[in-house]
Protein chains: 2
Amino acid sequence: MEEDVKPTATLETAEGRTSRHPRRPDLSRSRILEAAVAEFSTKGFAGARVDEIAAKAQIGKRMLYQYFGNKEQLFQAVFEKVYTDIWEAEANLNLQNMPPRDALVALVTFVWRYYMAHPEFTKLLNEENMLGARHFRSSKVLREGSDKSQFLTEDILARGVADGTFRPDIDPVQLCLTKNAICYYYLMNHATSSHVYQRKLMTREALDARLAFNIETILAMVLARPVDDAASPTALPSHKDRSQELPD
Amino acid sequence: MEEDVKPTATLETAEGRTSRHPRRPDLSRSRILEAAVAEFSTKGFAGARVDEIAAKAQIGKRMLYQYFGNKEQLFQAVFEKVYTDIWEAEANLNLQNMPPRDALVALVTFVWRYYMAHPEFTKLLNEENMLGARHFRSSKVLREGSDKSQFLTEDILARGVADGTFRPDIDPVQLCLTKNAICYYYLMNHATSSHVYQRKLMTREALDARLAFNIETILAMVLARPVDDAASPTALPSHKDRSQELPD
DNA sequence: CAGCGTTGTAACTATTCAGTCACTTATATC
DNA sequence: GATATAAGTGACTGAATAGTTACAACGCTG
């Protein structure tokens, strides 16, 4: 990336014809994408600047439009990339061979570490939701490919129920959402939370403690317990109809 | 807010000199704030348009700048408002007189319902974190006033431990974060989640089911259990140093 | 009612930004 | 090597948009 590629080349060509424009279509494309991931994830869709992306990618804006059409489609490509990336990583986990409890712990640990290592994923997921998931909806790749974690979780739960480790009445989707939630919220909102709770939340120790707490939380929810009606839904307080409908 | 305040008043005054400008500084100010909450929460800081806010507030842009200085300070005022609002609501809960378990359930229920009824709060909290909490930091009101939920939770936990209902080793801050997380994530990210899990997440039934699940999750974590080492941290798989430091 | 600070309006400015154009250069194929 | 096509560039454009200015009207205080 740092060879002396002269911008418009041959201006000062001492020798005859300089190889002014080393054509690297694929490289250019991936550089644009990489720059766009950084820009969109730090500044959001509206805050992101196309010129910034082009500059970071060290290409002309023109090529960006050639490859991706416009800002909207570029965002879609970016979102597709980060989502398929995490799906791929997830697919390589191989939890089928582990005992259900270990598998569940490994899954939570994976999500935690992935979100930590890839803040751009959570930021972009967030942004996409602010935009009403319109890119998700219009993306063939995302609509057809699908998150395996629901099925991974289903499988783990089923095995755990079969061998008596887990409660039989856990909804895998709810569990997935909770698992993601407790990792995501902490990492996304640590800036305000660290002020509110007046505690450093991003030190090594704090991060380790959070992972441990998250694992405990998930396990506490699914582990079979001696007849304990403690958490039965019937114990809910009146939740009357204050809920308002939001479009789904 | 909804009395018949004529926007620019007496426009249709049949008689000579119209009383063009009914002065209502306080009303104007609150109308601007209200409009700004809506605009910032739906479009984010970068996506929000000052002219839109002025239009929604039925006011000239001039007054907006007079009252709030600039877009940045307006956002700060907005964020201060929604945050102090939820603190106030929280303070009125009166959980001190309830048995610890009921109090905890009531607290989770409150957060869930508040987030449901005030999507602008979660959206703005989110935006503020994307902006690195810079408005939080520079806000005297927010730095001095503080979230009671940590102390509420501390009190509830202490009482529960005392009467044997709860485990003695729960960190109230972690519990608060988890409580907020499981409510927040579901409501913020339902747009993509409903596609990923191919399930309607915002129907009355789904919302009720989620609240029930969230209550169960929190209770499962804190309720005292017969000697069960199930969730002990020692059971963690090696979590080696793959974690990378992020600034706090 | 005179004077004055505050509340308001409308038009304006300077900038920023997504997207385009005219044109050049490299590379693949014949 | 000729030719076509793809890769690339810098300057440009038109539309938004944050923030300002000149000016008018209100209504309070003396």
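Proteins come first, then strands; the chains are lettered A, B, ... in the order of their sequence lines, and each starts at number 1.
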With no hydrogens and no angle check, is any side-chain donor or acceptor of R137(B) less than 3.5 Å from a backbone partner on G132(B)?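 Yes, the answer is positive, given that a donor and an acceptor are paired below the 3.5 Å cut-off.
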Atom-to-atom span, [atom1] of [X] to [atom2] of [N] - whole angstrom:
X	N	atom1	atom2	result
I32(B)	dT9(C)	CD1	P	10 Å
F45(A)	dC17(C)	CZ	P	14 Å
F75(A)	dG19(C)	CZ	P	14 Å
E39(B)	dA18(D)	CD	C1'	13 Å
I53(A)	dA18(C)	CD1	P	8 Å
L64(A)	dT9(D)	CG	C1'	14 Å
F68(A)	dA18(C)	CZ	P	16 Å
E52(A)	dC17(C)	CD	C1'	12 Å

Can you list the steps and then say if E205(B) with K200(B) is a salt bridge (Lys or Arg N to Asp or Glu O under 4.0 Å)? CA-CA 10 Å; E205(B) 297 73 33; K200(B) 292 225 170 273; over 6 Å; no
Tell me whether the side-chain N/O atoms of [X] come closer than 4.0 Å to OP1 or OP2 in [N].
X	N	result
Q66(B)	dT7(C)	yes
S28(B)	dG8(C)	yes
Y65(B)	dT7(C)	no
R49(B)	dA18(D)	yes
Y67(A)	dG8(D)	yes

Could you check whether any side-chain heavy atom of Y185(A) comes within less than 4.5 Å of a side-chain heavy atom of I182(B), counting everything from C-beta outward?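 No, side chains not in contact.
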Identify which one of M63(B), R62(B), K61(B) satisfies the side chain to side chain contact (heavy atoms under 4.5 Å, CB included) criterion when paired with Y65(B).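 Exactly one pass, corresponding to K61(B).
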Pick from T122(B), N180(B), N129(B): which one makes a side chain to side chain contact (heavy atoms under 4.5 Å, CB included) with N189(A)?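 Exactly one candidate clears the test, N129(B).
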When you check the side-chain N and O atoms of T192(A) and E128(B), is any donor under 3.5 Å from an acceptor? no
If each of K61(A) and R62(B) is mapped to the nucleotide of DNA chain C with the nearest heavy atom, which maps nearer the 5' terminus, i.e. the 5' end? R62(B)
Touch class at under 4.0 angstrom, heavy-atom based, for A48(B) against every strand present: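 Touches sugar-phosphate only.
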Of the options [options], whose atoms approach the side-chain atoms of [X] most closely?
X	options	value
M63(B)	dG19(D), dT7(C), dG8(D)	dT7(C)
D51(A)	dT17(D), dT9(C), dC17(C)	dC17(C)
K71(B)	dA18(D), dT9(C), dT9(D)	dA18(D)

Could you check whether the rings of Y115(A) and Y184(A) sit parallel, tilted or perpendicular, using 30° and 60° as the cut-offs?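 Because their plane-to-plane angle is over 60°, the rings of Y115(A) and Y184(A) count as perpendicular.
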Which of parallel (below 30°), tilted (30 to 60°) and perpendicular (above 60°) describes F75(A) and H135(A)?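 Geometry flag for H135(A) against F75(A): tilted rings.
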Quick check on the helix from dC1(C)-dG30(D) to dC30(C)-dG1(D): what's the angle between its two end axes, five base pairs per end, to the nearest 10°? 10°
